[in-house]
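These notes are about the structure you will find just below.
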Amino acid sequence: VGRPYIIDGASDRLKPEGYDSLYMSKKPLDRNDDGVISAEEYEAAIGEGTSTYEHEYIVTDPSQVLPRFVVRFAADIEPSPDEDLQDPLKIYDRYDFFDPQLYRPVSLRDKMIGSHSMGEAATHKLVSLQDAYDSCVRESRKADPLMSQKKHRIEQELNKIDNKMRDINLNFATVEEELYNILKKNLAVLKDEVNCKTKILLSTELEYRRQLEELENSEQWLDRQRRELSQTGFLESFKLHTAKRAKMCQQVSAETAILEDLHANLAVEGGIAIVTQSGDPLISSRGGVSNFDSKGSNQGTTELRQQLFADASAGATTTTGNTKKNLVSAATADLLNNAARANNINNLSLKPPTSTPISSIGGMTYAPPNFLATSDGKMMDNEAWTQSLQKSMGIGAAGMSGGPPTPTGSGMGNGIYTQMPNPPSTNLVPPSPVNVKASYQPARAMAAVASHFTQFSLSALSERKQRQLTVKPLDQMLFRGSAILGPADAKTLYYSIPFISNLPSTSLVYSTRMHARNIKALQASCLNIMSPSMLIIRSGEYIFGGYATDQWKFDGSRGGNPKSFLFSVTLDCKISYHQRQKDSQSGVLGGSSGRKHDAMWSGPDFLSFGIKDLCLRGDFRMCSSEIEHSYSVGVDMGSLEAKSFLAGSNIFVADEIEVWSVQS
């Protein structure tokens, strides 16, 4: 296979120059499809090996397939030892001796009439086969200095790879920051120029509107004088009014020339290219060109720009007089209003924001789903789990469309949403505290289970990232003030956050010590978080939680991306998102645009990581956890280990909860 180049199932099977074969990765390299292999994805690709020695390659040159041996197989039924002793003829063919010089076994027949009966072989000193075997076993157990030297050289090369990875990440961050600075500088020039043109247009419009008001006021004044003046007085006034009106109409406005000289003529000149300092061609350009296509970029890089381009393509309606012009659509106007509140246009969504906790979805009353069990005590499968949520939301399985109900009436603006009747409530009873206590697994028992998955160690990931980074975070960045995490655990958890070089900061937004102890209070705090967040829970001797990449919406939708993960500080384990199990609503409840995941799921009365991997609800006295649905480490799904991995039991009481915002 020569020198292999790694690819995954989604990659083009193109072999770069200088490589002899392609190495097939068992898992996707870019799991969240953001175009960059992050440190976490890099670490996952390294730790994906199995217990068996198995590697898959693709060779494109037939000459690389070279048969070396032809192996023939034949049955060799060995007789039992008792049968050998009973047959005197077979004793002569049994290997009882060993020739150290020729390194081959010798039978009694070989000594009497065979290979060792005459010639030089007859002079060789033979030893018993058992002695030769024992000596060989002792020798095989000795450390091989050549093997040790080879392992040491490989470890040195792995350390070099770590250093290279750190340098490449730092270089990436430096170049990326320089690109953003160039972009920010030119964006500032662009905004200044557009602001100047906008102020010119605004000044011109105000002048024209002043002139229009002046004409209207003169007409109103004339109408008043017609009613109030005498005949001779009106004749004199009308003479003066006619002269003034003629003067106003003959006046040439300077604004006309200003409009003729004002053009929408801004453009981008030149370009930016990524090059090497030595002038050598980029490694990525040797096997092909970039897939980025700047044509069609008028589709917009954010949802706001997409809507603005759509408005420009559809045209804008304007009116004169005192009627306000509608230069953008209602959807864009909503986005602009949201931008003013959020102070960040790029973080907006086309969906209307949820400003306060809601008790209904799309006009339908919402009863919180029970994540625990059916009335007979049996755990629900994924389909029953989803159907339970749909029923509690008042939505049938066939009617779930992910959008609001159809409005009635003639116009969308005046439409009335039809209230759907609530179905009969299902009797979903959680298991009794007796059953919960009986199934509880202490941390020492679960630590033995976690010892089989050291490749997912939080501390190992933290130490590796610390070696790769050259900058160190400030103490206030490391979950400062947490009542659950100690300094060492806070540092370990901080370095598990997906980032390359820009150090994120953390701030506490919810704590059961400072806020009301229920899901409504947690929801009210999390609705203001526009960035990723970290949920930290203490339940008895267990400390665990999850990292959410997106904003919690609490509207029944699903979302997130593969960078979301669960973790156990107690068991020193990171539980990655794999979407191992799906149900009928996977990729649907979150919407129809783009790729959707089950990493995050929240409604007005619950918060869940995955389909049922970690769920909080109510006053946190009946929370639940069962991994291996959307998040996985490799234990059997539905097993006691899967149900007890995070909190020691499927059902648990959250003693303390903290939610931290994570801002880059």
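Note that this is a predicted model, so its numbers are computed, not measured.
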TODO: Find the distance between NZ (Lys465) and CE (Met165) and round it off to the nearest 0.5 Å.
DONE: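 One finds 10.0 Å between NZ of Lys465 and CE of Met165.
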TODO: Quick one: pull up CG in Leu187 and OH in Tyr180 and give me the separation to the nearest 0.5 Å.
DONE: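 That separation rounds to 11.5 Å.
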- [ ] On the 0 to 90° scale, with breaks at 30° and 60°, tag the Tyr494-Phe499 ring pair as parallel, tilted or perpendicular.
- [x] tilted
Task: Geometric class of the Tyr57/His55 ring pair [parallel <30°, tilted 30-60°, perpendicular >60°] - done: tilted
With a cut-off of 6.0 Å (strictly less than), are more than 12 heavy atoms of other residues, nucleotides or ligands near [atom1] of [X]?
{"X": "Arg621", "atom1": "CZ", "value": "no"}
{"X": "Phe453", "atom1": "CZ", "value": "yes"}
{"X": "Glu541", "atom1": "CD", "value": "yes"}

Open item on the list: Apply side chain to side chain donor-acceptor pair (under 3.5 Å) to residues Ser564 and Thr549 and explain how you reach the verdict.
Closed with: CA-CA 6 Å; Ser564 301; Thr549 57; 3.3 Å; yes
Taking the side chain as C-beta and beyond, is there a heavy-atom pair between [X] and [Y] under 4.5 Å?
{"X": "Val659", "Y": "Leu522", "value": "yes"}
{"X": "Asp613", "Y": "Ile575", "value": "no"}
{"X": "Asp636", "Y": "Glu628", "value": "no"}
{"X": "Met24", "Y": "Ile58", "value": "yes"}

Task: ring-ring contact (aromatic ring centres under 6.0 Å, His included) evaluation trace for Phe652 with Phe544 - done: CA-CA 12 Å; Phe652 64 90; Phe544 55 95; 5.4 Å; yes
Open item on the list: Between Glu178 and Thr174, is the side chain to side chain donor-acceptor pair (under 3.5 Å) condition met? List the steps.
Closed with: CA-CA 6 Å; Glu178 186 175 351; Thr174 304; over 6 Å; no
Task: Minimum heavy-atom distance between Phe565 and Pro498, given as atom pair plus value - done: CE2-CD, 4.1 Å
Open item on the list: Looking at Asp619 and Arg517, is there a salt bridge between them, counting it only when a charged N and a carboxylate O are closer than 4.0 Å?
Closed with: no
